[in-house]
Amino acid sequence: MIAEVIVDVAAHPIDRPFDYVVPEKLSALAQPGMRVKVPFGPRKVLGFITKVKETSDFDPNRMKPIHELMDVVPVLNKEMLRMAEWMKVQTVCFEIDALQVMVPAALRAKYEKRFVLNAGLEEVDSRLHPYFGDKPFVRSQDAEDVFGLLKKEMDKGTVIADTNIQQQTAVKKVRMIHISDSLEKLDSVEIRANAKQQLKLMAFMKKNPGLAIESSELQKAAGVTLPTIYSLAEKGAADLSNVETYRDPKMLSEIEKKENLVLTEAQQQAFDAIAQSLNTPRTFLLHGITGSGKTEIYLQTIEQVLKSGKEAIMLVPEISLTPQMTLRFKERFGDMVAVLHSGLSAGEKYDEWRKIQRGEVKVVVGARSAIFAPFENLGLIILDEEHESSYKQDDSPRYHARDMAIWRGEYHNCPVILGSATPSLESYARAQKGVYELLVLEKRARNQPLPAVHIVDMREELRTGNRSMFSVQMADAIRDRLEKGEQTVLFLNKRGYSSFVLCRDCGTVMQCPNCDISLTYHRSSEMMKCHYCGYDERVPHTCPECESEHIRFFGTGTQKVEEELAKLVPEARVLRMDVDTTRNKGAHEKILNAFGEGKADILLGTQMIAKGLDFPNITLVGVLSADTTLHLPDFRAAEKTYQLLTQVSGRAGRDVLPGTVFVQSYTPEHYAITFAKDQLYEPFFDQEMAMRRASGYPPYYYVVNIQFTHEDLMTVSEYARQTVEYLRQHLSDRTLIIGPSASLIARVNNRYRYQCLIKYKKEPKLTEVMQQLIKIYRSEWLKKGATLAIDMNPTSVM
DNA sequence: TCTCCGCCACAG
DNA sequence: TGTGGCGGAGAG
């Protein structure tokens, strides 16, 4: 038997199956979708079997055998293998990347270089002895100071280099103690009279014959230590075994089960439409304003799916994967739910994944990668907040969860629901064309009014002499809520600029030496950091250009706002939520909980607070500057701004108390801001579509972004130029090719960046031309140190 | 003549 | 991508 294997080497010439002989003793086991260890050139690597067959075109004498099977049960099923092939073409990625992304990180290979003894330890240089210790090998990373000595030993042949492939996380096992059920047997065990601990344990055992108990539990219950248990087990009083377990299974029985809410008429209509199509591969766009009760529809639809014996996947953006939200699923579906989020360790994720694979759970709630949940009998896929850009992975494989969802929907003949208050233009356009079925919820579920949104013209504030970052109206409102004991959320639209360090005398802004971007000031550590390459340095006392001592920190970071806020309302308790305060695990959750419990009056934060906040006491939301996302050089700038303002406004007045929103802007007349004021999606859509049509962007055109990097500016611009020329020759006349141009951030980590854009409506040759371009890159530019990245349907072109 | 380093081909 | 082989350059 012969196996086709995709090996774990992400490189263009390797991106194809390699044939291996399946050794006789493995032939009964080997199946597509299993991981294998195979020899590849001089080393061993991990790979996936994608096919087994009896014959090969390859010279049988040169074919090597599979070294080891890593799985007993395939980690990828037929569907996943097919999806990977499709994904490879769709996103222009390596097949191995597509396969790896579908498997939990714990199952991906970890390679460790090490030096292995090939002779007795006494034959090697005695200076190396301490490095080996009593092991027959040293890890390369532990032996950096003695590479020279090791090299000599390798020449002598006493030591050889080797790569060890490790499984990252294994199945967690617990030690179970099975107490003998025969009292006679227990009585027959001899214990010395002075072995007090053993006597104590025996007394416990005699009270509980036949009991199977985890060793840690037994230690607690009997008040003894592990060695005591071992000695009695050896004497035959109990059996020991290792039992597979899951990490930290949360006590689900403690979660109270909740019943369905009664659907409003609009909700019911939407629900019915979906429920009627449960066995059709149809895509629904559920457009419901914030607070219209989309989640309840999801929950009840999932319930229907479960009743028919099928499974469901629910995708949410990572940031809205809050405890509040997961609790809601657990309340409905109990231990049928697996939750996959970034807060889990690799081992915990692996455990959740195994529960899915074994069919122990029926519902998965998770972020982007949960779309690969290995269900066999999928009945429904939901993408909540479908417009979120986090559904698109921004490194290879650059897949969009929405595309994967629709593919799987077709494979399983099941519906896909895309839900949003602010659908992406692509999805809404498709719904209008009838490709997706549009379902609308126009009212909030409990009929609460939408919050009153006031737009504040900050130019006017400047004219009247208010130079602070809070308009008079906003400041008054904040004070008012404070007096009433209601809560305020302040949103700082920070993206695009942040606090930088500037010399007031010569105007020099401190720049990263490796990237064309200014350094960000971090107050807590008194450091300046580059957010692209990680470079950091202390804030200088004098300007490096003019030696002036007038160094100032500029910009509007959340820390700056916090200071201003302290001046405005010194008595207010303020919680700040940004990258700095949420770096630690669980910090995000802690801050939100504290705010929910009323431990603060004001929550101040960046994008990350725009979602999932659902507290009844929030009656004021302030957007400090609506403009920052608006003027980014990106075709989605207006769309993003509209979405953000709508989402943020939706945080106010979700319960009984009515909400008010203030949006401060220097361009208050912009349509993205004026339409967001009253959540007028349709008019916004129409106007934005007109803009897209005029400028040739999605949904009118498909876009491909091709980015080049190289150490040398001239070289990279030349490659980009050649590419554009090549594309112009080989793509159709109606396709637009934009560029080449330097990227917005023209240099990162000392590499210059250039890009070009392809805009097309119909381009049957696209895949072929992209493959051809990769060939040119491989044969000419790669060797010269260039990199090329192709992003199909990018979420942004900056 | 020995050794080191950089480039290149190749991987089943 | 990682590795080992090959050949050129420099040192002794």
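In what follows, chains carry the letters A, B, and so on, assigned in the order in which the sequence lines appear, proteins first and then strands, with residues in each chain numbered from 1.
The residues Arg636(A) and Glu426(A) are annotated as salt-bridged, a charged nitrogen and a carboxylate oxygen being separated by less than 4.0 angstrom. Salt bridge present: Lys53(A) and Asp19(A) bring a charged side-chain N and a carboxylate O closer than 4.0 Å. By the 4.0 Å N-to-carboxylate-O rule, Lys392(A) lies close enough to Asp791(A) to be salt-bridged with it. A salt bridge between Glu725(A) and Arg728(A) is absent, with no side-chain N of the basic residue lying under 4.0 Å from a carboxylate O of the acidic one.
In this structure, Lys37(A) places its NZ atom 17 Å from P of dG12(B), rounding to the nearest Å. Separating the CZ atom of Arg16(A) from the C1' atom of dG12(B) is a distance of 8 Å, rounded to the nearest angstrom. Rounded to whole Å, the distance from CD on Glu780(A) to P on dC8(B) is 14 Å. Look at CZ on Arg778(A): it is 16 Å from P on dC8(B), rounded to the nearest Å. Atom CZ of Arg43(A) is separated from atom C1' of dC10(B) by 11 Å (rounded to the nearest Å). Taking atom CD1 on Ile96(A) and atom P on dT1(C), their separation rounds to 14 Å, with Å as the unit. In this structure, the CZ atom of Phe18(A) is 13 Å from the C1' atom of dG2(C), given to the nearest Å.
Residues from residues 3-15 of chain A that place a heavy atom under 4.0 Å from any atom of DNA chain B, listed by number: Pro13(A), Ile14(A). A heavy atom closer than 4.0 Å to some atom of DNA chain B occurs in Phe58(A), Arg62(A), Met63(A), Lys64(A), these being the qualifying members of residues 54-69 of chain A.
Backbone-only engagement by Tyr20(A) is indicated by non-hydrogen atom pairs under 4.0 Å involving sugar-phosphate atoms exclusively. Contact annotation for Lys44(A): no contact, since no heavy-atom pair falls under 4.0 Å across all strands.
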**Request:** Apply salt bridge (Lys or Arg N to Asp or Glu O under 4.0 Å) to Glu79(A) and Arg408(A), showing your working.
**Result:** CA-CA 8 Å; Glu79(A) 181 197 359; Arg408(A) 290 198 79 181; 2.7 Å; yes

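Separation of the Phe132(A) and Phe115(A) ring centroids does not fall under the 6.0 Å cut-off. Ring to ring, Tyr777(A) and His12(A) are close: their centroids are under 6.0 angstrom apart. Between Tyr760(A) and Tyr702(A), the distance separating the two ring centers is shorter than 6.0 angstrom.
His67(A) has its side chain out of reach of Val45(A): every pair of non-hydrogen atoms, C-beta onward, lies at least 4.5 Å apart.
Listed pair Lys113(A) / dT3(C) meets the phosphate criterion, a side-chain N or O lying under 4.0 Å from OP1 or OP2.
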